[in-house]
Amino acid sequence: TFSSGEERIFDMTYLMKYPVYKRLEDYEYFKTVHIENGVLVWKNGEVDIAPEEVYKESYEYEKAIVQWLCAKYGNKNLFDLNSKYDIIMT
């Protein structure tokens with residue numbers, strides 16, 4: 001959820017061409033994501049993505065669909081909605 005109250009999906013597939021983001025292909029590494037001062041951060045800052053980039057490259061989604069998926073898969077934070085690198089933080 002952004003400070004505007006918007007909830008959006010960020011597909012980070014386009015970043016996988018850059019070497020620094022290749023380590024995110026390891027699902028265990030990918031799951032270490034957390035938000036630090038508004039920035040998505042992995043492994044104490046080894047990899048990060050600025051919130052401006054996340055917003056610019058994200059898109060709106062139908063919340064009801066995500067709620068249904070969460071109920072079906074029993075996971076509040078879904079990774080893998082549309083592609084391997086979608087992030088939904090609700």
Side-chain angles (χ1 to χ4, degrees):
T1 305
F2 290 89
S3 59
S4 64
E6 291 177 83
E7 294 179 0
R8 301 170 65 89
I9 295 176
F10 173 54
D11 180 353
M12 54 192 299
T13 306
Y14 76 100
L15 292 173
M16 294 302 115
K17 64 184 174 189
Y18 301 106
V20 70
Y21 294 106
K22 291 300 265 181
R23 60 188 85 174
L24 297 179
E25 291 178 345
D26 175 354
Y27 187 66
E28 292 304 311
Y29 189 98
F30 186 80
K31 290 190 315 184
T32 68
V33 67
H34 64 278
I35 299 174
E36 194 173 295
N37 299 317
V39 177
L40 290 175
V41 177
W42 287 265
K43 291 282 188 170
N44 297 318
E46 287 180 8
V47 178
D48 63 30
I49 304 172
E52 306 83 31
E53 181 70 10
V54 173
Y55 188 83
K56 183 179 91 174
E57 297 297 330
S58 65
Y59 54 92
E60 295 179 25
Y61 64 93
E62 179 60 46
K63 192 169 186 171
I65 293 171
V66 173
Q67 290 170 336
W68 176 82
L69 288 168
C70 288
K72 180 174 178 159
Y73 296 106
N75 190 348
K76 191 166 191 271
N77 293 320
L78 292 179
F79 303 89
D80 300 327
L81 181 64
N82 291 323
S83 78
K84 186 175 178 181
Y85 304 107
D86 284 348
I87 297 178
I88 301 172
M89 307 283 282
T90 59

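Not measured: the values here are computed from a predicted model.
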request  = Using side chain to side chain contact (heavy atoms under 4.5 Å, CB included) as the criterion, list what pairs up with E52, not counting sequence neighbours.
outcome  =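 For E52, the residues satisfying side chain to side chain contact (heavy atoms under 4.5 Å, CB included) (neighbours in sequence not counted) are A50.
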
- Task: Go through the structure and list residues passing side chain to side chain contact (heavy atoms under 4.5 Å, CB included) with V41, not counting sequence neighbours.
- Result: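 For V41, the residues satisfying side chain to side chain contact (heavy atoms under 4.5 Å, CB included) (neighbours in sequence not counted) are H34, E36, V39, D48.
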
Working to the nearest 0.5 Å, report the span between [atom1] of [X] and [atom2] of [Y].
X   : Y   : atom1 : atom2 : answer
F10 : I49 : CZ    : CD1   : 4.5 Å
L24 : T32 : CG    : OG1   : 8.0 Å
E57 : R8  : CD    : CZ    : 10.0 Å
I9  : Y59 : CD1   : OH    : 4.5 Å

Check your understanding: Does atom OH of Y18 have more than 12 heavy-atom neighbours from other groups under 6.0 Å away?
Key -> no

Might you point out which heavy atoms bring W42 and Y29 nearest each other, and give the distance in Å?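 Between these two residues, the closest heavy atoms are CD1-O, 3.4 Å.
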
Residue pairs meeting salt bridge (Lys or Arg N to Asp or Glu O under 4.0 Å), one or both in residues 13-24, sequence neighbours left out, come to K22-E25, R23-E46

